[in-house]
Protein chains: 2
Amino acid sequence: MKRPITIHDIAKLAEVSSATVSRVLSGSDYPVSAATREKIQRIAKESNYIPNMLGKQLKTNSSMTIGVIIPSISNPFYSSVILGIEGIARQKGFHVIVCNSLHDAALEQEYLKTIAEKQVKGLIISSIGSDQAMLQKLMDTGMKVIAIDQKVDGEGISQIEFDYRKGGYMATKHLQSMGHRKIGYVTSQLDRPSRRSIYQGYEEAMRELDLEPLTAESAEDDVYNSLNEFNMGKKLAGKLLEAVHPPTAIFACNDVMAFGVINELSLRGLQVPRDMSVIGFDGIEYGQMIHPPLTTIKQPDYEMGRMACSMLLDLLNGETKPVYDVVLQPQLLERSSVADVQSKP
Amino acid sequence: MKRPITIHDIAKLAEVSSATVSRVLSGSDYPVSAATREKIQRIAKESNYIPNMLGKQLKTNSSMTIGVIIPSISNPFYSSVILGIEGIARQKGFHVIVCNSLHDAALEQEYLKTIAEKQVKGLIISSIGSDQAMLQKLMDTGMKVIAIDQKVDGEGISQIEFDYRKGGYMATKHLQSMGHRKIGYVTSQLDRPSRRSIYQGYEEAMRELDLEPLTAESAEDDVYNSLNEFNMGKKLAGKLLEAVHPPTAIFACNDVMAFGVINELSLRGLQVPRDMSVIGFDGIEYGQMIHPPLTTIKQPDYEMGRMACSMLLDLLNGETKPVYDVVLQPQLLERSSVADVQSKP
DNA sequence: TTGTATGCGTTATCAG
DNA sequence: CTGATAACGCATACAA
């Protein structure tokens, strides 16, 4: 294994100083005569020179890298966010390091540390932990942070979030507008702020019409895994059906859970939407692949990624924009899992 | 913005040399008296010292990082592979850089370059490009490479792949064993080796019973996107139905496409599996969330990730194992989308 | 336009 | 056990 080529090797071959080589190869605008410039470039190519970013970054103290911490890429919602981030980042010459916290607060902390050690100056995080002490410390050292999806309260953190409350409200209102009055809500544990917000929206819409909320909340904590979520949906749907006054429509806190609800219903001989309407939340692509296509509340995930990345890069460019929160609006995706039951016979 | 703390700062505070600080803080087993060791650790903690990995890596020329290049994390198959890789990597103290080539050969090359520049010494790649020249160059400089899923022919590259041919064979045989004789195959363009292999398995199984293959291949090139895939499944299913001798069973080259097939069938008033059997390929989780639950050929994606990472780490540890290929075996996941049609009335 | 010299933060060598 | 010092590969201030 031969030692990798450095600018010094090239300098020797080209009979110039390494400074000149650096100036040419780093794309600096420092004046270098066309002749030597060409010579250096030729030799670099011929010798398969690969610049060592570690050296460069150590010197310049800028890694052109942003970190992203999300629960898991196996969640299509987050993988979409990441694709959005990457698109913008690549366009600006930045690289992205993705870390899956897997709903493990300790792991999240660990990744936070790793990112700091790698001298990453910008971070986009959908935090699942509650301990923002470490995050604050990093920000004190100059790291720029954008929180997405999950609210992080800390000074100087720009947030970009969805209007979850409104999404919950919209979903419920849509069901009501279709004539439903007994509307059940199935949700995983209401421990994360986002989930509570959706619930609030649901509750608010119900209260407006003096309707009683009917909620089935999972008791289990979060082993994030879509199959789990699916099964949870099944279980909770079962619970709702066994209530004294079963609902005519079910609102699930995410699409995969809605898949579970639909599955459980069909197992019990109930047809969607004829016998029961179902509405989901998130707007993942698979929603339109099932039968019936799932009516749902779409969160602009991809756009969120793009916006988060743009904001972060602005911050890194030293544009001293004020810290601000962006609230992205949900959108009703009307497909075929909700029936209109208000037509009087 | 204050200058970050370095080992020199700590050295001053602890009244020792930076060499000693390094020995303590880097977890070296070099002997240091318990007293100074403790003092250094205390001061490091108090001053919120964050080691600069760039410096360390530049010096040691080892980044404890492996690169992964895959088509897209939005494909649940690959996100599963990555989770497998990460699990092993983390366990051994390695970090993972994920790059989505998005089915763009140029982008793949770009990421390859980036990874090399970042001094990453190990790479796991599911290559979509055909130009393995760059890859070979990198291997010449000492990079260890493991190719997964997609075969890359090059010297010294360990491969870990699925037995796609056998998977295709198994799927077809399963349909045959359930009495089907007219079996259609829908596939995206047969341009990648993996896809051709599946097709070969299908064809082989058909020939064994002297049956005529009936294939619908997409003409469009690959804009990888599940929705696209889904729609392709719909379109190709339509084609098959309009054949002079329509099949009684359809085999799709991946699960999402199978979703499209099922969707199209139900739109045309055909029930699965009563009127038409469908079998998929991949075994993504969503397969069991649709109706009817999709019978499919499962590829052990997560395990592939784990195995690839283990092999790579062994290679990086200098264990001079011979270059070898691992072939992972597919598994039939019998669910409910295939009907037994052989019972004679 | 080019070269020299220095330092980024760390580890490693070698001498004490 | 500890310290001084030289790298690692690169960019840049300063000198020529």
Side-chain angles (χ1 to χ4, degrees), chain A residues 1-41 43-44 47-64 114 116-121 141-142, chain B residues 1-41 43-44 47-65 116-121 141-142:
Chain A
M1 203 77 54
K2 43 189 197 295
R3 200 177 50 73
I5 312 277
T6 73
I7 51 172
H8 297 102
D9 301 325
I10 296 184
K12 260 190 200 116
L13 292 172
E15 296 169 304
V16 296
S17 78
S18 56
T20 307
V21 177
S22 169
R23 297 198 257 258
V24 172
L25 261 29
S26 68
S28 148
D29 53 0
Y30 200 93
V32 171
S33 79
T36 47
R37 156 165 274 121
E38 227 166 281
K39 185 174 185 188
I40 289 172
Q41 282 166 336
I43 294 183
S47 51
N48 286 322
Y49 168 67
I50 298 175
N52 184 330
M53 284 304 166
L54 297 181
K56 173 178 186 136
Q57 290 170 11
L58 178 59
K59 178 67 186 164
T60 61
N61 190 27
S62 101
S63 66
M64 294 296 275
T114 302
E117 291 178 349
K118 292 204 171 209
Q119 306 305 110
V120 171
K121 308 299 190 214
T141 73
Chain B
M1 204 76 55
K2 40 189 198 297
R3 199 177 50 74
I5 310 279
T6 73
I7 52 173
H8 297 103
D9 301 324
I10 297 184
K12 259 189 200 121
L13 292 173
E15 294 169 306
V16 295
S17 78
S18 57
T20 307
V21 177
S22 169
R23 296 201 256 258
V24 172
L25 262 28
S26 69
S28 148
D29 53 0
Y30 201 91
V32 172
S33 80
T36 46
R37 157 165 274 123
E38 228 167 279
K39 187 174 181 185
I40 290 173
Q41 281 166 337
I43 295 182
S47 51
N48 287 321
Y49 169 67
I50 297 174
N52 184 329
M53 285 302 166
L54 297 181
K56 175 179 184 138
Q57 291 169 10
L58 177 59
K59 179 65 186 168
T60 62
N61 191 26
S62 101
S63 67
M64 294 294 275
T65 301
E117 292 178 348
K118 292 204 173 215
Q119 304 306 109
V120 171
K121 310 295 191 217
T141 72

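Below, chains carry the letters A, B, ... as their sequence lines are ordered, and counting in each starts from 1. All values below come from the heavy atoms of this structure, side chains included, with hydrogens, waters and symmetry mates left out.
Among the heavy atoms of the strands lying under 4.0 Å from N52(A) are primed sugar atoms or P, OP1, OP2 only; no base atom is included. Across all strands shown, S18(A) has no heavy atoms under 4.0 Å from either base or sugar-phosphate atoms.
Considering only side-chain N and O atoms, S33(A) lies nowhere under 4.0 angstrom from the phosphate OP1 or OP2 of dT1(C). Considering only side-chain N and O atoms, Y49(B) lies nowhere under 4.0 angstrom from the phosphate OP1 or OP2 of dG9(C). At the phosphate of dC10(D), neither OP1 nor OP2 sits under 4.0 Å from any side-chain N or O atom of S22(A). Considering only side-chain N and O atoms, T60(B) lies nowhere under 4.0 angstrom from the phosphate OP1 or OP2 of dT10(C). Between T6(B) and dG9(C) there is no side-chain polar atom (N or O) within less than 4.0 angstrom of OP1 or OP2.
Scanning atom types as modelled, one donor and one acceptor separated by under 3.5 angstrom connect the side chain of R23(B) and the base of dG3(D). Residue side chain Y30(B) does not reach the base of dT11(C) through any donor-acceptor N/O pair under 3.5 Å, judged by distance alone. Between the base of dA12(C) and the side chain of K59(B) there is no donor-acceptor pair shorter than 3.5 Å.
The nearest whole Å value for the distance from the CG atom in N61(A) to the P atom in dT12(D) is 12 Å. Rounded to whole Å, the distance from NZ on K56(B) to C1' on dA12(C) is 13 Å. If you measure from atom NZ of K118(A) to atom C1' of dG9(C), you get 16 Å, rounded to the nearest angstrom. For L58(B) and dC8(D), the CG to P distance is 9 Å, given to the nearest whole Å. Computed from coordinates, the I5(B) CD1 to dG9(C) P distance equals 11 Å when rounded to whole Å. What separates CE of M53(B) from C1' of dC8(C) is a distance of 16 Å, to the nearest Å.
Inter-residue side-chain proximity for K56(A) and M53(A) is flagged as met; some heavy-atom pair is nearer than 4.5 Å.
When the nucleotides dG9(D), dT2(C), dG3(C) are ranked by their closest atom to the side chain of V32(A), dT2(C) comes out on top.
Under a 4.0 Å N-O distance rule, the pair R23(B)/D29(B) does not qualify as a salt bridge.
Under the 3.5 Å distance criterion, the side-chain polar atoms of S22(B) are left unmatched by any main-chain donor or acceptor of S18(B).
In this structure, G55(B) and S28(B) both approach DNA chain C, and ranking their closest nucleotides by distance from the 5' end singles out G55(B).
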